[in-house]
Amino acid sequence: SLLNLAVPRRGARIMLFTGGPCTSGPGAVVSRLKEEDMRSHADLAKKAEPLHKPACEFYASLARPHSAANSGKKNSAPAPQTSYHVVDIFACSLDQVGLLEMRELVEATGGLTVLGDSFGQSVFKESLRRVFTRYPDDVPQDGGTMTMAFAASMEVLTSREFKVSGAIGPVTSLNKHGPNVSDLEVGKGGTNAWSLGGIDPGTTIAVYFDITNPGNTPLPEGKRRYVQFLTKYQHANGRTRLRATTLCGPWHNPPKAPDGQQGAANAGMAHSPVKMSFDQEAAAVLSARMAVYQTETDDVGDVLRWVDRSLIRLCSKFAEYNADDPSSFRLTPEFSLYPQFMFHLRRSQFLQLFNSSPDEACYYRYILTRENTTNSLVMIQPTLLSYSFNGPPQAALLDSESVRPDTILLLDTFFHVVVFHGETVAAWREQRYHEQEEHASFRALLEAPQSDAQLIMDSRFPVPRYIVCDQHKSEARFLMAKLNPSVTHNSNLDGGTSVTQVNTDDVSLRVFMEHLMKLAVQP
């Protein structure tokens, strides 16, 4: 390309602002004929879209300019290189634009994606402005420079007891083989080094490891494990930096159980350091990334079954229970939230394709694979705050029982920030009580969630869509779709109940846990 010839080893960004799909050339994703629609999930599942695969291959080749240049030469196998030039896509359209086909180009270069309805929305305008955010002037060495870097690469070195299985995120394999590369691949494996392309302070990569020490050969007491991450990148000021991060930790030898006494092995795990140090938030995000990565090659139904089997195996190993007695099932605090995360992951837009286009599903999944643990958890299980006259704002259960006529709810799904007014609150607002001096407390109640919503949006990229809605109105669906359906239209309720119902056939968290306990305690 012209940019490769002009500045071959200097960081740069190529930004695509598009309002529609490509309709000509090798990157076309739809025909110019008006009677032909954009590909749907059904078309992709049936492989009935002839333009999809050629377009994907074309955009993927753009991420490898050196390979493309040498494609006509014999015996030319150039080594993979890191990308100095980042490709960002800002797509604003009511229809699809071909983001699914262009994803590999964005991912391979470490680019950013923003998906909106129009270029007049703050989702686009504010997100574009935040791409060029600078460090404060008082930051040592980096003050005043932009918070972006280019040509980043990461290499992982380990001690001999475990190996690198792979990485999931905006990375491309550098095909660097070594003794610490595992045969068991997770994500983009078969290497211990990856190209990250463009990075920023929020870029997060998930790295997976494989323990190679045989289970019947215990490690010496006091043996330590070591892992080192070598991150190299070109700073925004043009200088190249190398950051080495070294971590060290102990190994734990599980107790040996007598032959045929699996229960003794489980009892030995009761106070295991592995169990006591389990990070269920990080584990949920790592599992979510693996599930999302599998959707690229496997059917969503198969991925959901994999999530279920993994959860059952985890609970069978680390829960406390008596065989064939679901009522005895107990999870320690280190594991108690993990099944809940998996319940919401199964219902999320990452694994449920209903009411989303292929472009939207691709967009949501790409954002999940590059965000940190906190933001990823918000995507998997949104946060809910409740505002009322009874006291200060407090965290509420993500459940239909939290919807009350006299409260205001603030839902944060990462992609949307929703201020939901209960039926009574909405009626008072329509009667303009908040404009009267004697109802200053009601005015403060209306303003509180809006201020908190602004704080959420001020620190996020891409900027979420801001929605203000009322109970029983059309946009209330953004909240109702995320709630645990503890009460549905199929529930047996007394006629006088005021509990809000969720019109869905999905099972509730309580039913989900009952099935999990039943399957986990089976010998």
Side-chain angles (χ1 to χ4, degrees), residues 56 60 63-64 67 79-83 103-111 152-199 203-213 225-233 243-247 249 279 281-300 302-303 305-307 309-311 313-314 342 345 350-351 362 365-373 376 380:
C56 289
R64 302 183 296 271
S67 299
Q81 300 183 15
T82 57
S83 176
R103 171 181 170 167
E104 188 169 346
L105 172 60
V106 177
E107 184 177 72
T109 60
S153 63
M154 180 180 69
E155 183 177 359
V156 181
L157 306 176
T158 64
S159 51
R160 291 181 296 177
E161 302 83 22
F162 65 114
K163 296 183 178 182
V164 181
S165 289
I168 297 179
V171 298
T172 303
S173 173
L174 289 178
N175 295 332
K176 185 174 182 179
H177 306 286
N180 70 329
V181 176
S182 173
D183 294 331
L184 177 64
E185 294 189 12
V186 177
K188 297 180 180 178
T191 180
N192 62 2
W194 298 266
S195 166
L196 280 62
I199 59 173
T203 303
T204 308
I205 310 300
V207 182
Y208 299 81
F209 298 96
D210 176 29
I211 299 177
T212 57
N213 188 69
R225 67 179 187 273
Y226 298 92
V227 58
Q228 186 175 70
F229 298 90
L230 300 177
T231 308
K232 184 179 179 181
Y233 60 91
R243 173 178 293 176
T245 305
T246 307
L247 304 174
D279 188 337
E281 288 85 3
V285 175
L286 290 168
S287 297
R289 289 203 185 197
M290 291 178 66
V292 165
Y293 186 83
Q294 290 182 41
T295 59
E296 297 181 11
T297 55
D298 299 341
D299 183 73
V300 173
D302 295 334
V303 177
R305 284 186 286 273
W306 173 85
V307 171
R309 290 194 300 269
S310 300
L311 177 59
R313 285 198 302 268
L314 180 78
M342 294 299 100
L345 174 64
F350 305 113
L351 299 182
C362 167
R365 291 167 177 173
Y366 179 68
I367 297 297
L368 176 69
T369 59
R370 63 173 291 124
E371 286 295 330
N372 58 34
T373 301
S376 298
I380 296 170

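Looking at Ser159 and Asn180, their side chains never come closer than 4.5 Å, going by heavy atoms from C-beta outward.
Remark: the backbone N or O of Gly197 is not paired with any side-chain donor or acceptor of Thr82 at under 3.5 angstrom. Checked by atom type and distance alone, the side chain of Asn192 never pairs as donor or acceptor with a backbone atom of Thr158 at under 3.5 Å. Distance alone, capped at 3.5 Å, places no donor-acceptor pair between the Arg370 side chain and the Thr203 backbone. Not a single donor-acceptor pair under 3.5 Å links the side chain of Ser195 to the backbone N or O of Leu174. In this structure, the side chain of Tyr293 does not engage the main chain of Thr369 through any donor-acceptor pair within 3.5 Å. Checking side-chain atoms of Thr191 against main-chain N and O of Lys176 turns up a donor-acceptor pair under 3.5 Å.
The ring pair (Phe, Tyr, Trp, His ring centres under 6.0 Å) search around Phe162 returns Phe209, Trp251, not counting sequence neighbours. In terms of the side-chain hydrogen bond (donor to acceptor under 3.5 Å, both in side chains) criterion, residue partners of Asn175 (sequence neighbours excluded) are, by chain and number, Ser173. Taking Glu107 as the reference, Arg103, Lys188 meet the side-chain hydrogen bond (donor to acceptor under 3.5 Å, both in side chains) condition, with sequence neighbours excluded.
Across all non-hydrogen atoms, the minimal contact from Pro170 to Ile205 is CD-CD1, 3.6 Å. Taking every heavy atom of both residues into account, Leu105 and Ala63 meet most closely at CD1-N, 3.7 Å. Between Ala244 and Gln228, the closest heavy-atom pair is CB-NE2, 4.4 Å. Heavy atoms only, all atoms of each residue included: Ala206 and Arg289 are closest at N-NH1, 3.3 Å. Taking every heavy atom of both residues into account, Tyr366 and Gly111 meet most closely at OH-O, 2.7 Å.
The CD atom of Glu161 sits 7.0 Å away from atom CG of Asn213, with the distance rounded to the nearest 0.5 Å. For the atom pair CZ (Phe229) and CZ (Arg243), the distance works out to 13.0 Å, reported to the nearest 0.5 Å. Atom-to-atom distance recorded for Trp306:CH2 and Thr295:OG1 is 11.0 Å, nearest 0.5 angstrom. Here Leu368 contributes atom CG and Ile380 contributes atom CD1; the two are 6.0 Å apart, rounded to the nearest 0.5 Å. In this structure, CE in Met342 is found 5.0 Å from CG in Leu345, a value given to the nearest 0.5 Å. The CG atom of Leu184 sits 12.5 Å away from the OH atom of Tyr208 when rounded to the nearest 0.5 Å.
For Glu281, the CD atom sits in a packed shell: over 12 heavy atoms of surrounding residues, nucleotides or ligands are nearer than 6.0 Å.
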### Task
I would like to know whether Thr245 and Thr231 meet side chain to side chain contact (heavy atoms under 4.5 Å, CB included); could you show each step before the answer?
CA-CA 8 Å; Thr245 305; Thr231 308; 5.8 Å; no
